[in-house]
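Contents: one structure, followed by commentary.
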Amino acid sequence: MKKQQLILPLVGLLLLVSHTATSQSFPFKLPKEKPNQPLSAAMNRNYENYTAPRPEDNELYTQFKYTEIKGLDYSNHDGTITRRDPSKVIFENGKYYVWYTHRETPTPPKGAKSATETIPSADWDLAEIWYATSIDGFTWEEQGVAIPRPPKPNLGHRSVATADILKWKNKYYMYYQGFSEASGLRGDDCPVLMSYANSPDGPWTATNTIVIPNGPKDTWDQYSIHDPYPLVYNDKIYLYYKSDFDGKPNLVRMQGLATADNPYGPFTKNPLNPVLTSGHETTLFPFKEGIAALTIRDGNEHNTIQFAKDGVNFEIAALVELMPAAAGPFIPDAFTNTKDGRGITWGLSHFTNATTWDKNHAILVRFDCDLSQDLEDPQMKKHHV
Ligand code: AAL
């Protein structure tokens, strides 16, 4: 065969191969819809697992911005005053309300072994639930105690902490952790208690009973029910909570769900619990037909925002960074039984300096984000700054 006779078909073959490769290469403009061509596993996931292939267009992707809030006194951050674990923010009587763990003790926390009747073991030990109000969400006026520690031997006499609010048929219900022993001993094995009021300004009446009991022996939530977080969804109260289990070598933190037809219970734990394998403090909100969750630190899926169409079966919707710890968002439709949740754009969260043991305390801060369906929506715009 002559040399040219061999070269020409080879060139043709090369052209064909390179043309085929070009036509199958991923286009320069990222298609909004999944293209009809072979995709790598990662590219397939980018279309299948998220609401949009670009993070900025994914409704459950966001970046978080933090702003110092004004009006709350921390007297030189020496660890004797703490404010942490804010509730959801609600809007009533023309102002925003938030409740939080408030500790004011002669010394900073000193660990379980050094705890006394006046020396706290942990940042949330010897605490009460206080509240503050605000007109603009940036400057807050502390109103004082909402729920004090009840006298011994009532549940929660050592500390009441980590509260969250429910509005149900025009009354207010506060769910919180009731410690009867110092945190760090077995105090953290605490159940959830509840107080109710006709007005967000109180007075609050404690039921003095356990509302969400710990699970039976040898079940995942036998020791603690932390961070109670009620929403109204599917005509019921959906109360999410965190438990710490396994214990060896480190606690595993996951989140469960308990539902009830009225605020006093009984609460039925979901048979699929835990429903979130990751996250620490609970922060969830109605989104479209389902529930979205800020899944912050701890677990394989920390630093994600997850979504469950049915409020139970969560999938990862976005991977994010610098998430708000223990966030309490302002949720316009937290209690409206919505089937088209609007989302959130701001709230309060806390910063802790837990590593500086001798000054250990937390401060409340404001966070802003865009986890809303539509910022132009009048319901969102009214409250968005
Ligand atoms: C927080 C919450 C609960 C825990 C402790 C105080 O971050 O998870 O409230 O009990 O830490």
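Numbering of ligands and ligand atoms starts at 1, following listing order. FYI, the numbering just counts along the sequence from 1.
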With a cut-off of 4.0 Å, which atoms of ligand 1 are near a heavy atom of [X]?
X: H226; value: 4 (C), 10 (O)
X: R84; value: 1 (C), 7 (O), 11 (O)
X: H280; value: 7 (O), 8 (O)
X: T162; value: 3 (C), 6 (C), 9 (O)

Nitrogen or oxygen atoms of [X] and ligand 1 under 3.5 Å apart:
X: K242; value: yes
X: W124; value: no
X: H350; value: no
X: D227; value: yes

Ligand 1 versus D85: contacting region, heavy-atom distance under 4.0 Å: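 The answer is the side chain.
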Could you tell me whether [X] and [Y] have a side-chain N and a carboxylate O separated by less than 4.0 Å?
X: K95; Y: E141; result: no
X: D340; Y: K288; result: no
X: R103; Y: D123; result: yes

W346 six-ring centre to R366 NZ/CZ under 6.0 Å and within 45° of normal: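 The answer is yes, since R366 meets both limits relative to W346.
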Six-ring centre of F285, R342 cation under 6.0 angstrom, axis tolerance 45°: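 No, a cation-pi geometry is absent between R342 and F285.
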Residues D201 and Y131: side-chain donor-acceptor under 3.5 angstrom: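 Their side chains do contain a donor-acceptor pair, which is all the 3.5 Å distance test asks for.
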Taking atom 3 (C) of ligand 1 as the reference point, the nearest protein heavy atom with its distance: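 Sorting protein heavy atoms by distance from atom 3 (C) of ligand 1 puts Q177 OE1, 3.3 Å first.
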Nearest protein heavy atom with distance in Å, relative to atom 7 (O) of ligand 1: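 I find the closest protein heavy atom is E281 OE2, 2.5 Å.
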Pairwise side-chain contact, Q222 with N214, heavy-atom cut-off 4.5 Å (strictly under):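 Answer no - side chains too far apart.
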Minimum side-chain heavy-atom gap M323-T283 below 4.5 Å: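 When only atoms from C-beta onward are counted, T283 and M323 do not touch, as no gap falls below 4.5 Å.
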